[in-house]
Amino acid sequence: MKMSKPKIKNIIFLIAIGVLFIPKIRQPIQILLHKGLAMFSPSYIDESKQVVLSDYNWKLKDDNNVILNFEGYKNKVILVNFWATWCPPCIAEMPSMQKLYDDYKDKIAFVFVSNETQANINQFLTKNGYSFKVYNPLTNYPKPFDVSSIPRTFLIGKSGHIVIDKKGAANWNSESVRSTIDELFME
């Protein structure tokens with residue numbers, strides 16, 4: 001019994017859809033798809049459209065319950081990333097974040113923010129070999145961040161201008177991001 005090409009395509013399509021409903025298979029497939037999307041660099045915001053962060057009043061804590069006062073990062077280059085361990089696009093962009101962190105950790109402030117428990121976060125970081133700190137917010141974030149979906153990442157210059165505001169996964173280890181960061185040092 002021979003099957004026609006349209007029937008074969010329909011069967012393959014139904015299998016692919018069915019696989020997405022199996023939790024153990026769904027997340028790796030979603031991560032793989034987002035890794036494809038995360039190959040692209042985030043876009044620089046035109047200077048005339050940049051929002052200025054003027055309120056640095058924000059408190060966070062790390063896994064040792066040490067309080068981070070965001071005010072201490074005023075007049076510095078800052079990368080703020082809102083993410084979660086269960087979020088496929090967040091997971092997809094993390095390798096590029098780690099590479100950027102490895103090269104710039106002593107030059108800019110990295111603030112990775114998650115609402116998850118520190119135990120869950122630390123397990124994820126250890127499993128994947130990530131070395132950056134992740135903070136839990138203690139107070140509401142400053143207005144310009146307005147995060148309604150994750151991942152959401154902001155690159156902020158010394159003057160407080162938000163030069164990149166990226167929703168979704170991106171390649172944070174790209175030449176364009178590195179060039180933008182290097183230019184921000186000149187502010």
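This chain uses plain numbering: 1 for the first residue, then up along the sequence.
- Atom NZ of Lys133 has more than 12 neighbouring heavy atoms from other residues, nucleotides or ligands inside a 6.0 Å radius.
- Between Phe132 and Phe110, a ring centre-to-centre spacing not shorter than 6.0 Å is recorded.
- Scanning both residues, Asn173 and Leu100, for their nearest heavy atoms gives OD1-N, 3.9 Å.
- Contact detail for Glu71 and Asn57: the closest heavy-atom pair is OE1-N, 4.0 Å.
- Looking at heavy atoms from C-beta onward, Phe82 lies in side-chain contact with Phe154 at the 4.5 angstrom threshold.
- The side-chain heavy atoms of Asp103 and Arg178, taken from C-beta on, include a pair separated by under 4.5 Å.
- Taking CG from Asn120 and CH2 from Trp86, the interatomic distance works out to 11.5 Å, rounded to the nearest 0.5 Å.
- Note that CE of Met97 is 10.0 Å distant from CG of Asn171, once rounded to the nearest 0.5 Å.
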Would you list the atom pairs, donor with acceptor, under 3.5 Å between side chains in residues 136-151 and any protein atom, with sequence neighbours excluded?
residue: Asn136; atom: OD1; partner: Gln118; partner atom: NE2; Å: 2.9
residue: Asn136; atom: ND2; partner: Ser114; partner atom: O; Å: 2.7
residue: Asn136; atom: ND2; partner: Glu116; partner atom: O; Å: 2.8
residue: Thr139; atom: OG1; partner: Lys59; partner atom: N; Å: 2.9
residue: Tyr141; atom: OH; partner: Val147; partner atom: N; Å: 3.1
residue: Tyr141; atom: OH; partner: Val147; partner atom: O; Å: 3.3

Side chain to side chain contact (heavy atoms under 4.5 Å, CB included) between Ile181 and Lys107, worked out: CA-CA 10 Å; Ile181 291 171; Lys107 299 174 185 171; over 6 Å; no
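- For Tyr104, the side-chain hydrogen bond (donor to acceptor under 3.5 Å, both in side chains) partners two or more places apart in sequence, or in a different chain, are Asp182.
- Contact of the Leu60 side chain with the Ile67 side chain is not registered, since no non-hydrogen atoms from C-beta on lie closer than 4.5 Å.
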Side chain to side chain contact (heavy atoms under 4.5 Å, CB included) between Val80 and Trp58, worked out: CA-CA 12 Å; Val80 179; Trp58 190 26; 4.2 Å; yes
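- Atom-to-atom distance recorded for Glu93:CD and Cys87:SG is 8.0 Å, nearest 0.5 angstrom.
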Step-by-step side chain to side chain contact (heavy atoms under 4.5 Å, CB included) determination, Val113 to Val134: CA-CA 6 Å; Val113 183; Val134 178; over 6 Å; no
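- The distance between the ring centers of Trp83 and Phe124 falls below 6.0 angstrom.
- Smallest separation of non-hydrogen atoms from Val111 and Phe70: CG2-CE1, 4.1 Å.
- Rounding to the nearest 0.5 angstrom, the gap separating the CG atom in Asn128 from the CD atom in Gln123 is 10.0 Å.
- Without hydrogens or angle criteria, Thr180 side chain to Ser176 main chain gives a donor-acceptor distance under 3.5 Å.
- Residues meeting the side-chain hydrogen bond (donor to acceptor under 3.5 Å, both in side chains) test with Asn122, sequence neighbours left out: Asp63.
- In this structure, Tyr56 and Leu53 approach most closely via the heavy-atom pair CE1-O, 3.4 Å.
- Residues Phe112 and Asp62 are not in side-chain contact: their nearest non-hydrogen atoms beyond the backbone lie 4.5 Å or more apart.
- Atom CD of Gln50 is separated from atom NE2 of His161 by 5.5 Å, given to the nearest 0.5 angstrom.
- Exactly one of Val77, Ile45, Asn81, Ile162 qualifies for a side chain to side chain contact (heavy atoms under 4.5 Å, CB included) with Leu155. That residue is Val77.
- Nearest heavy atom pair, residue Ile91 against residue Thr85, reads CD1-O, 3.1 Å.
- Residues Ile108 and Ile78 have side chains not in contact (no heavy-atom distance under 4.5 Å, counting atoms from C-beta outward).
- In this structure, NZ on Lys61 lies 16.0 Å from CG on Asn69, to the nearest 0.5 angstrom.
- For the residue pair Asp102/Gln98, the side-chain donor-acceptor check at 3.5 Å is satisfied.
- Heavy atoms only, all atoms of each residue included: Lys166 and Gly168 are closest at CG-O, 3.6 Å.
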